[in-house]
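Worksheet: one structure, shown below.
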Amino acid sequence: MGLLDAILGRSKPVRPDLDQLFAVPSAALTLQAATGFTPTGRGSVCFAGVEGGGFARLQEDVRELLDADTERGGIPVEFSRDAYGYTWLLATHPAEDTASLVNDLHAVNTLLQDGGFGPHLLCSLIGFRHPADGRSLALVYLYKRGTFYPFAPLPGDAEKRDNQRELQVRSALGDDLRVEKDLSRWFPVWGAPGL
């Protein structure tokens, strides 16, 4: 950071630390003990769509890598587009295998980053559900910030969040994950695959 940046209050963006994703399996145990939420085995990566042959080839490489176990009963990855034009990749594993899910999400992020598409990565999320009432929760990893935040939609059609639950999860996971301190960056991910 230069002198002019310091005077003007600008700061360097945080370099993404994809290895933070590997903390999720142990955080999932903490989350289950503290709140009752259990992993669903579903997770996704969101990125801004890019046109061109290079990106299409990379997307096929990702599909080929993650679908390698479909002959042994693995579930193929799914690609979809949301209403805002972002592309989502959904990976599914057995609910008790959070480590394999995280490995897949890390691999997708790494392939995109190493392929020069890192600036197009937005977030990754890992889904959880409460067995007593079916409420859903996601741990969202912000690629550009290198931090996590909880997203807890309220049941029903209205796009409302359970802010109290999100703050409870933040408190429970503060020692396990690098939680985003700026609450204004806890963006809603309504209808995200894997939630």
Side-chain angles (χ1 to χ4, degrees), residues 14 16-47 66 69 74-75 77-78 80 82 86 88-110 121-195:
V14 175
D17 182 4
L18 292 176
D19 290 346
Q20 291 295 314
L21 288 168
F22 292 124
V24 170
S26 65
L29 296 173
T30 302
L31 183 63
Q32 185 173 357
T35 66
F37 280 92
T38 59
T40 62
R42 296 167 46 98
S44 54
V45 176
C46 180
F47 48 92
L66 298 186
D69 68 344
I75 299 172
V77 297
E78 299 173 29
S80 62
D82 65 18
Y86 293 109
W88 289 84
L89 174 141
L90 174 66
T92 305
H93 285 271
E96 65 278 358
D97 196 1
T98 307
S100 292
L101 175 64
V102 166
N103 285 339
D104 281 0
L105 299 179
H106 185 275
V108 171
N109 280 283
T110 302
L121 280 165
L122 300 175
C123 68
S124 295
L125 69 83
I126 298 93
F128 292 83
R129 190 152 324 279
H130 200 283
D133 57 16
R135 288 174 295 153
S136 57
L137 172 82
L139 291 180
V140 182
Y141 175 75
L142 292 171
Y143 175 79
K144 290 177 176 69
R145 305 275 298 171
T147 56
F148 290 87
Y149 68 90
F151 174 67
L154 286 170
D157 293 333
E159 292 184 344
K160 295 184 180 178
R161 298 166 75 164
D162 187 344
N163 298 110
Q164 183 177 355
R165 176 80 53 212
E166 291 174 354
L167 295 174
Q168 177 190 18
V169 170
R170 176 184 70 176
S171 295
L173 297 179
D175 293 336
D176 293 274
L177 298 175
R178 186 183 301 161
V179 178
E180 175 60 47
K181 291 180 181 8
D182 183 355
L183 298 183
S184 69
R185 295 193 180 270
W186 290 21
F187 304 110
V189 286
W190 305 116
L195 185 59

Quiz item: Between Tyr86 and Cys46, which heavy-atom pair has the shortest distance, and what is it?
Solution: CB-SG, 3.6 Å
Self-check item: Pro155 versus Arg135, closest heavy-atom pair with distance
Solution: CG-CG, 4.1 Å
Exercise. State, to 0.1 Å, how close Pro131 and Thr38 come at their nearest heavy-atom pair, and which atoms those are.
Key: CD-OG1, 4.4 Å
Quiz item: Going through the checks in order, is the side chain to side chain contact (heavy atoms under 4.5 Å, CB included) test met by Leu101 and Asp97?
Solution: CA-CA 7 Å; Leu101 175 64; Asp97 196 1; over 6 Å; no
Self-check item: Passing option when Leu105 is tested against Thr110, Leu125, Ile126 for side chain to side chain contact (heavy atoms under 4.5 Å, CB included)
Solution: Ile126
Quiz prompt | Within-4.5 Å side-chain heavy-atom neighbours: Arg165 and Leu154 | solution = no
Quiz item: Do any N or O atoms from the side chain of Arg129 and from the backbone of Gly134 form a donor-acceptor pair under 3.5 angstrom?
Solution: yes
Quiz prompt | Student check: side-chain heavy atoms of Cys123 and Tyr143 closer than 4.5 Å | solution = no
Practice problem: Specify the closest pair of heavy atoms between His130 and Phe37, including all atoms of both residues, with the distance to one decimal. | Solution: N-CD2, 3.5 Å
Quiz item: Taking atom OG1 of Thr35 and atom CG of Leu137, what is their separation to the nearest 0.5 Å?
Solution: 7.0 Å
Quiz item: Atom CG in Asn163, atom CD in Gln168: separation rounded to 0.5 Å?
Solution: 13.0 Å
Exercise. Write down the atom of Phe151, the atom of Pro153, and the distance for their closest heavy-atom approach.
Key: O-CD, 3.6 Å
Exercise. Could you tell me whether the side chain of Phe148 reaches within less than 4.5 Å of the side chain of Val24, counting heavy atoms only?
Key: yes
Quiz item: Between the side chain of Ser124 and the main-chain N/O of Tyr141, is any donor-acceptor distance below 3.5 Å?
Solution: no
Self-check item: Value rounded to 0.5 Å, distance of CG in Leu139 from CG in Leu31
Solution: 6.0 Å
Practice problem: Find the distance between NZ (Lys181) and CZ (Arg145) and round it off to the nearest 0.5 Å. | Solution: 10.5 Å
Quiz item: Looking at CZ of Arg170 and CG of Leu183, how far apart are the two atoms once the value is rounded to the nearest 0.5 Å?
Solution: 5.5 Å
Quiz prompt | For Asp175, all residues meeting salt bridge (Lys or Arg N to Asp or Glu O under 4.0 Å), sequence neighbours excluded | solution = none
Practice problem: Determine yes or no for a side-chain-to-main-chain donor-acceptor pair under 3.5 angstrom, with His93 supplying the side chain and Thr40 the backbone. | Solution: no
Quiz item: By salt bridge (Lys or Arg N to Asp or Glu O under 4.0 Å), which residues pair with Asp182, not counting sequence neighbours?
Solution: Arg185
Quiz item: Under 3.5 Å, side chain of Ser26 to main-chain N/O of Ala23, donor-acceptor pair present?
Solution: yes
Self-check item: Student check: side-chain heavy atoms of Leu90 and Arg42 closer than 4.5 Å
Solution: yes
Quiz item: Say you draw a straight line from CG of Leu177 to OH of Tyr149; how long is it, rounded to the nearest 0.5 Å?
Solution: 14.0 Å
Quiz prompt | Heavy-atom closest contact (Pro25 atom, Thr98 atom, distance) | solution = CA-CG2, 4.1 Å
Exercise. Using a 4.5 Å cut-off on heavy atoms from C-beta on, say whether the side chain of Gln20 contacts that of Thr147.
Key: no
Quiz item: For Leu121, which of Asn109, Leu142, Leu18, Val108 qualifies under side chain to side chain contact (heavy atoms under 4.5 Å, CB included)?
Solution: Asn109
Quiz prompt | Whether Trp186 side chain and Glu166 backbone form a donor-acceptor pair below 3.5 Å | solution = no
